[in-house]
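Worksheet: the structure to be examined is printed underneath.
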Amino acid sequence: IHAIAKELRRCGKTKSLSKGKCIHDHLVATGLHNDLFLSNHLIEMYGKCGKLEFARMVFDGMEKRDSFSWNLMILGYTQHGHLKEALRLFTEMAEKTVVTWTAMIMGYSKHGQMNEALGLFKQMPERDVVSWNAMIGAYVRQGRLQEALDLFEQMPHRDACSWNAMICGYAQQGHLQEAFELFKRMPTKDVISWNSIISAFVQHGQLDQALQLFEKMPQRDVVSWTTMLSGYAQQGCFEKACEFFRNMPQRNVVSWNAMLGAYVQQGCIDEAIKLFYEMPQRSLVSWNAIISACASQGKLKEAFNIYNQMLQQGIMPDRVTFVSILDACTQNADLAAGKQIHNLVIRLGLDGDQYVQSAVVVMYAKCGTLDIARLVFDSIPQKD
RNA sequence: CGAAUAUCGUUUACUUG
């Protein structure tokens, strides 16, 4: 049972829906699907894969539910922006835990509903350090540093996450010195603290300082290495970037993506394509990176080719993919392809995104169909 | 009915604008 749970967890993390379904079928066949513990894992797996209807079917079909079942169902909704559904369950839930409240706060915060998040935070019966951190993170995301700092000082106990969130907040708002001061004042730094401050210096183009910290930190993880790699790439220090990539003790898909980005930034598109095919795994970011690189370098044939491979492999494009591939259509004045992509955009419900919308309008306009461009343009509720 | 070294929430790196 424990092994199955772990496997389901992995399916959720990697969004392997088909594998997860397989396990589900197997559980049904062996009658284990009534197990509370395993059902909770099924909810989580479907939730993480974005299959909320399936998650809900499991949830509704359970004879017994514990707070984990409810929390996981609510989390599934919040993480995919279905805040109304989440709120409905939240309201229905009898014994909310601090996790329930925090999950809702996170959901609101990640979708820009700051007032709702704050309202819940004020209302919750008790708060632990994670809820405080979640609220600090909410303010940080809004760039409201003073209010984040107020909470940081008000909270009964601060842990490393609290400090790290503040450090990142200052760095993101361009207050590198304040971030560094906080870092230095921090009592017990963890690897994320070090990575955060290194990233802060990288974001401000101070690679020398970043490197000093990188060398000084007690232990480095794959994030530390990747941060440096991508920092050098962004500065155009291609050789340095390669050196970090070669020397890193282990690589994950993000490190590979960063290296891909280094080639692209260098203008070595063919090398980038080669690397893309050689990577041990590809994530959606990898596909987006290579498609966008091809499109912006005028390798339109290649862009369409890779985009089609992506669809064939059953990988769901997102808004980033569409912005890039629509740009390729625009350059080619390829109306047929553009229309087809526009259809897919609508089918996937991404036609509400302002960047996708503007890419669609430009595509139709460049293809000589100004009337359609105008039609789409007029359908945009608020324009920038 | 109860128990449990079982499952949930917060902070850092990669792609478009």
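The sequence lines fix the lettering, A, B, ..., with proteins before strands; numbering per chain opens at 1. Below, each value reflects all heavy atoms present in this structure, side chains not excepted, and no hydrogens, waters or symmetry copies. As the structure is a computational prediction, the values presented were derived from the model and not from experiment.
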inquiry  = Starting the side chain at C-beta, find the nucleotide from B:rU12, B:rU16, B:rU11 nearest to A:Val223.
reply    =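 Between B:rU12, B:rU16, B:rU11, the one nearest the side chain of A:Val223 would be B:rU12.
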remark   = Which of B:rU11, B:rU15, B:rA13 is nearest the side chain of A:Ala289? It is B:rU15
In whole angstroms, how far is the [atom2] atom of [N] from the [atom1] atom of [X]?
X        : N      : atom1 : atom2 : value
A:Phe183 : B:rU11 : CZ    : P     : 19 Å
A:Trp287 : B:rC14 : CH2   : P     : 22 Å
A:Asn195 : B:rU11 : CG    : P     : 15 Å
A:Gln354 : B:rU16 : CD    : C1'   : 12 Å
A:Leu284 : B:rC14 : CG    : P     : 15 Å
A:Tyr263 : B:rU15 : OH    : P     : 17 Å
A:Arg251 : B:rC14 : CZ    : P     : 18 Å
A:Trp132 : B:rU11 : CH2   : C1'   : 17 Å

request  = Have a look at A:Asn252 and say if it touches a base, only the backbone sugar-phosphate, or nothing, with a 4.0 Å heavy-atom cut-off.
outcome  = base
ask   = Base, sugar-phosphate, or nothing: which does A:Thr227 touch, judged by heavy atoms less than 4.0 Å apart?
value = sugar-phosphate
query = Just the dot-bracket of RNA chain B, please: which string comes out with Watson-Crick or G-U pairs under 3.5 Å, [ ] for crossing, | for another strand?
reply = .................
ask   = Can you name the closest pair of heavy atoms from A:Lys96 and A:Phe90 and give their distance?
value = NZ-O, 2.9 Å
ask   = If you take all heavy atoms of A:Ser16 and A:Cys49, which pair is closest and at what distance?
value = N-SG, 4.2 Å
Counting N and O atoms only, with roles assigned by atom type, does the side chain of [X] sit under 3.5 Å from a partner on the main chain of [Y], one being a donor and the other an acceptor?
X        : Y        : result
A:Arg220 : A:Phe214 : yes
A:Ser324 : A:Val320 : yes
A:Gln331 : A:Ala295 : yes

request  = Indicate, with yes or no, if A:Met57 and A:Met45 share a hydrophobic cluster defined by side-chain heavy-atom contacts under 4.5 Å among Ile, Leu, Val, Met, Phe, Trp and Tyr.
outcome  = yes
Dump the pairs, protein N or O against N or O of nucleotides 6-10 of chain B, anything under 3.5 Å, distances to one decimal.
unit_1 : atom_1 : unit_2   : atom_2 : d
B:rU7  : O3'    : A:Arg9   : NH2    : 3.3
B:rU7  : O2     : A:Asn40  : ND2    : 3.2
B:rC8  : OP1    : A:Arg9   : NH2    : 2.6
B:rC8  : O2     : A:Asn71  : ND2    : 2.8
B:rG9  : N1     : A:Asp128 : OD2    : 3.0
B:rG9  : N2     : A:Thr102 : OG1    : 2.9
B:rG9  : N2     : A:Asp128 : OD1    : 3.0
B:rG9  : N2     : A:Asp128 : OD2    : 3.3
B:rU10 : O2'    : A:Asn133 : O      : 3.4
B:rU10 : O2     : A:Asn133 : ND2    : 2.7

ask   = Passes side chain to side chain donor-acceptor pair (under 3.5 Å), A:Asp327 versus A:Thr330? Steps please.
value = CA-CA 5 Å; A:Asp327 177 41; A:Thr330 302; 5.0 Å; no
query = Any idea how A:Phe37 and A:His2 line up, ring-wise: parallel (<30°), tilted (30 to 60°), or perpendicular (>60°)?
reply = parallel
task = Report yes or no: do A:Ser286 and A:Ser283 form a side-chain donor-acceptor pair below 3.5 Å?
result =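 Looking only at side-chain atoms, A:Ser283 and A:Ser286 do form a donor-acceptor pair, the distance falling under 3.5 Å.
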query = Is a donor-acceptor pair below 3.5 Å formed from side chain A:Asp221 to base B:rA13, judging by atom type as modelled?
reply = no
